[in-house]
Number of protein chains: 2
Amino acid sequence: MSASRTDLQRVRKASPKRTGARVANVTIVDVAHAAGVSIKTVSRVLNREPNVSTATREQVMAAAAALHYTPNVSARSLAGSRSYLIALLYDNPNAAYIADLQTGALSRCRAGGYHLIIEPFDTTAADAPDAIADMMSKLRTDGLILTPPLCDHPGVLELLDTTGAAYVRIAPSNRVDHGSVVRIDDMAAAREMTRLLIADGHRDIGFVKGHPDHGASHQRLAGFLAAMTEAGLTVRPDWIAEGLFSFLSGVAAGTRLLDRNDRPTAIFACNDDTALGVMSEANRLGLVMPRDLSVAGFDDTPTARVVWPQLTTVRQPVADMAAMAADMIIEGRTEDEAESQLMAFEIIVRGSTGPAPRAALRD
Amino acid sequence: MSASRTDLQRVRKASPKRTGARVANVTIVDVAHAAGVSIKTVSRVLNREPNVSTATREQVMAAAAALHYTPNVSARSLAGSRSYLIALLYDNPNAAYIADLQTGALSRCRAGGYHLIIEPFDTTAADAPDAIADMMSKLRTDGLILTPPLCDHPGVLELLDTTGAAYVRIAPSNRVDHGSVVRIDDMAAAREMTRLLIADGHRDIGFVKGHPDHGASHQRLAGFLAAMTEAGLTVRPDWIAEGLFSFLSGVAAGTRLLDRNDRPTAIFACNDDTALGVMSEANRLGLVMPRDLSVAGFDDTPTARVVWPQLTTVRQPVADMAAMAADMIIEGRTEDEAESQLMAFEIIVRGSTGPAPRAALRD
DNA sequence: CGACCGTGTGACAGCGCTGTCAAGAACTCG
DNA sequence: CGAGTTCTTGACAGCGCTGTCACACGGTCG
């Protein structure tokens with residue numbers, strides 16, 4: 001212990017070119033010296049390469065630990081083929097969703113000695129692919145995680161395919177079999193949620209669509225329709241409202257569906273923000289939930305637990321999905337054959353849904 | 001145009017060691033060749049160093065543009081003193097707050113050719129400083145942005161001071177004159193909000209404290225007390241409830257303050273999440289806002305606009321604060337004398353506050 | 001008009017690490 | 001027991017760039 005401490009002191013003093021103010025930098029040379037081997041052998045041990053004797057390996061490990069050695073990412077990136085950098089690309093207004101993705105990806109990155117670069121991109125900008133290419137050549141990222149709606153951007157996908165970059169798409173909507181993919185079964189989730197409403201006695205159920213650019217929107221609608229059909233219920237076209245995944249579009253949809261005499265007793269919105277908009281409008285119209293109206297969402301945003309009544313919704317394991325994506329990149333599972341992972345969802349029942357009002361007793 | 005295009009082709013073909021699948025990498029050598037100068041001169045132009053003739057500068061710029069050259073960050077970091085990497089460190093449950101910080105910091109990073117590394121840290125873990133030191137030596141970050149509550153962690157501050165790392169603290173609570181700082185005047189903001197409630201006729205005002213570890217909590221309480229005192233109003237100790245910045249602590253505070261006969265007509269909570277908890281509890285107790293109770297928060301989280309009624313709150317320019325912090329690091333303004341920036345806040349009046357009920361008419 | 005200075009430019013070393021190759025040690029087998 | 005094979009290790013080049021130094025040139029000044 002105290003010996004290694006002394007070593008450290010010496011090494012620090014010996015190296016002449018420390019940029020004074022920075023953290024002390026122990027290099028691979030110091031470790032090699034301390035362990036009595038060549039730097040290449042240290043490199044082998046650190047990279048878990050085969051063909052190193054156990055004795056050597058342990059010596060090196062001990063020396064590295066004693067010196068608190070941490071390999072320099074830039075040097076590794078420059079010399080080798082890996083940069084230990086993963087970029088998370090997004091263009092998504094939903095802060096909570098992004099935060100969850102980051103948390104998940106970061107947990108896996110940290111475990112693997114990787115770091116996460118986050119880069120927001122404006123999907124609508126014409127030069128989005130250029131900006132991404134620029135970033136990739138600057139940083140030499142080992143892989144990209146694409147989130148909706150970026151994961152469906154044709155130009156971006158084309159760029160990545162032609163350059164052969166490693167990338168994983170999270171919850172893509174179209175071309176689901178294109179590239180490596182991590183997603184949930186949106187259709188099945190929406191079907192289950194609809195079944196829940198039906199089981200509560202609802203027969204007059206409205207639906208608010210999601211943003212047409214997100215493929216999940218269409219799958220969720222399909223799930224809704226499937227559940228209605230299998231229950232023998234008719235779907236009224238005027239009870240299906242447009243939506244854009246935003247709170248305000250939910251308010252507008254709420255007005256369309258609720259500010260009338262023949263309104264549905266339950267509304268299933270394509271995501272939580274929209275559902276919250278519907279609830280806000282229901283409040284304005286004096287409807288009490290779930291007595292007069294049941295509302296269900298999709299995503300389980302933090303806000304869903306905070307409104308009154310709390311929102312019944314579908315939970316996607318967003319963090320787990322991002323962790324899986326990071327994993328696939330770190331382990332190089334995007335290389336040969338693209339992989340597709342289907343993750344489990346969960347229906348979260350809270351106060352915003354309840355038994356359908358018995359028509360005879362009201363009005 | 002077509003000439004340079006041809007050059008590009010040739011260069012790509014000529015360089016033997018492209019890792020096939022990656023993005024084509026134009027190096028500084030290619031640019032130097034195309035411009036007919038040495039690589040050092042190209043480097044000078046790219047780094048805006050002085051003593052380059054205008055003619056040379058323009059030649060180099062043209063060649064770089066034609067070749068779509070982007071300097072490799074790792075190589076720059078390894079060879080030079082800057083890494084073009086800024087780390088945003090956080091340990092904060094509030095996704096929206098972090099997302100805003102990221103957005104702000106990223107906007108400035110991108111403008112300066114920098115990249116943002118995000119690193120969550122568990123403040124309570126004993127080895128937080130070690131983990132940060134580890135990250136710094138791995139990545140050689142040019143600077144760190146510390147957010148609450150990390151920006152008040154004594155061990156972390158000590159580490160950064162001894163290593164001489166560049167860092168900026170966002171909204172620190174204690175030792176405000178320590179290191180470079182970006183913040184708002186929490187006390188003034190809380191005072192103004194309280195004045196607003198008083199101007200609405202409220203005399204019976206409750207307060208929910210923030211997390212005791214965040215200095216902002218204390219300053220906000222001080223602002224509240226100052227406004228009450230200057231208006232000649234007495235502050236009832238039993239109308240000041242503990243809080244932890246969380247929704248649940250808001251619910252608990254709501255129970256304490258509202259589930260009784262002599263309750264305040266207005267409650268000012270130290271942040272939005274807490275205020276939302278109070279509102280949730282008010283809803284449960286059948287109180288209608290703002291008729292029976294006014295509630296004000298602090299932060300202007302996205303949720304504040306989404307609940308019913310919408311929450312009156314204080315908006316901090318979170319993104320701007322992070323952008324300022326990134327700016328200070330990029331321009332090296334943390335080096336010599338520490339800088340302290342005070343940013344402007346804004347009172348956002350929405351539906352959750354209104355005139356005080358006239359006591360004579362109710363009860 | 002020679003000593004001196006500022007300006008513009010390039011040669012070169014080397015940042016810390018990994019990939020390649022070669023060489024010695026240890027082991028196998030007919 | 002010698003040739004062939006595998007294991008273990010190290011020397012060395014070089015990734016793409018910046019920092020240092022040196023050099024050539026034109027201008028200034030006593």
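For the numbers below, each heavy atom of this structure counts, side chains included, while hydrogens, waters and symmetry mates do not.
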**Student:** Which residue pairs pass the salt bridge (charged side-chain N to carboxylate O under 4.0 Å, His left out) test when at least one of the two sits in residues 99-109 of chain A, sequence neighbours left out?
**Tutor:** A/Arg108-A/Asp327
**Student:** Among A/Ile145, A/Val182, A/Ile170, A/Val168, find the residue that satisfies the side chain to side chain contact (heavy atoms under 4.5 Å, CB included) test when tested with A/Met324.
**Tutor:** A/Val182
**Student:** In residues 127-136 of chain A, what donor-acceptor pairs under 3.5 Å come from side-chain atoms, sequence neighbours left out?
**Tutor:**
residue	atom	partner	partner atom	Å
A/Asp134	OD2	A/Lys138	NZ	2.9

**Student:** Check every atom of C/dC17, D/dC17, C/dG10 against the side chain of B/Arg76 and return the nucleotide holding the closest atom.
**Tutor:**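 Selected nucleotide: D/dC17.
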**Student:** Holding to side-chain hydrogen bond (donor to acceptor under 3.5 Å, both in side chains), I want the full list of residues that pass it with A/Thr54, two or more places apart in sequence or in another chain.
**Tutor:** none
**Student:** Got a sec, which pairs hit salt bridge (charged side-chain N to carboxylate O under 4.0 Å, His left out) with one end in residues 113-123 of chain A, sequence neighbours left out?
**Tutor:**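 Matches after skipping sequence neighbours: A/Glu119-B/Arg110.
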**Student:** Please pick, from C/dT18, D/dG10, D/dG16, the nucleotide with the shortest atom-to-atom distance to any side-chain atom of A/Ile39.
**Tutor:**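 Output: C/dT18.
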**Student:** Does anything in residues 51-58 of chain B come within less than 4.0 Å of DNA chain C? Heavy atoms only, and list the residues if so.
**Tutor:**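 Correct list: B/Asn51, B/Val52, B/Ser53, B/Thr56.
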**Student:** Nearest of C/dG10, C/dC17, C/dG14 to any side-chain atom of B/Lys40?
**Tutor:** C/dG10
**Student:** Pick the nucleotide of DNA chain C nearest each of A/Glu49 and B/Ala75; which residue has the one closer to the 5' end?
**Tutor:** B/Ala75
**Student:** Any pair with a residue in residues 50-63 of chain A that passes salt bridge (charged side-chain N to carboxylate O under 4.0 Å, His left out), sequence neighbours left out, goes on the list, sorted by first then second residue, please.
**Tutor:** none
**Student:** Using side-chain hydrogen bond (donor to acceptor under 3.5 Å, both in side chains) as the criterion, list what pairs up with B/Ser107, not counting sequence neighbours.
**Tutor:** none
**Student:** Looking only at side-chain N and O atoms, does B/Ser43 come under 4.0 Å of OP1 or OP2 in D/dG19?
**Tutor:**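 Indeed not, no polar side-chain atom of B/Ser43 lies that close.
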**Student:** Who are the side-chain hydrogen bond (donor to acceptor under 3.5 Å, both in side chains) partners of A/Thr147, not counting sequence neighbours?
**Tutor:** none
**Student:** Shorter than 3.5 Å, N or O on both sides, protein versus nucleotides 22-24 of chain D: list them out with atom names.
**Tutor:**
none

**Student:** Does A/Ser38 place a side-chain N or O at less than 4.0 Å from the phosphate oxygens OP1/OP2 of D/dT9?
**Tutor:**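 False: A/Ser38 side-chain N/O out of range (4.0 Å or more) of D/dT9 OP1/OP2.
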**Student:** Can you pull the ring-ring contact (aromatic ring centres under 6.0 Å, His included) pairs that have at least one residue in residues 72-91 of chain B, sequence neighbours excluded?
**Tutor:** B/Tyr84-B/Tyr114
**Student:** Mind checking side-chain hydrogen bond (donor to acceptor under 3.5 Å, both in side chains) for B/Thr123 and listing every partner two or more places apart, or none if nothing turns up?
**Tutor:**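 Partners of B/Thr123 by the side-chain hydrogen bond (donor to acceptor under 3.5 Å, both in side chains) criterion, ordered by chain and then number, come out as B/Asp91.
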**Student:** Please give the angle, rounded to 10 degrees, between the axes at the start and the end of the helix from C/dC1-D/dG30 to C/dG30-D/dC1, where five pairs define each axis.
**Tutor:**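 If I round to tens, the end axes sit 40° apart.
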**Student:** Consider the side chain of A/Thr41, meaning its heavy atoms from C-beta on, and name the nucleotide among D/dC15, D/dG10, D/dT18 that approaches it most closely.
**Tutor:**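 So the nucleotide nearest the side chain must be D/dG10.
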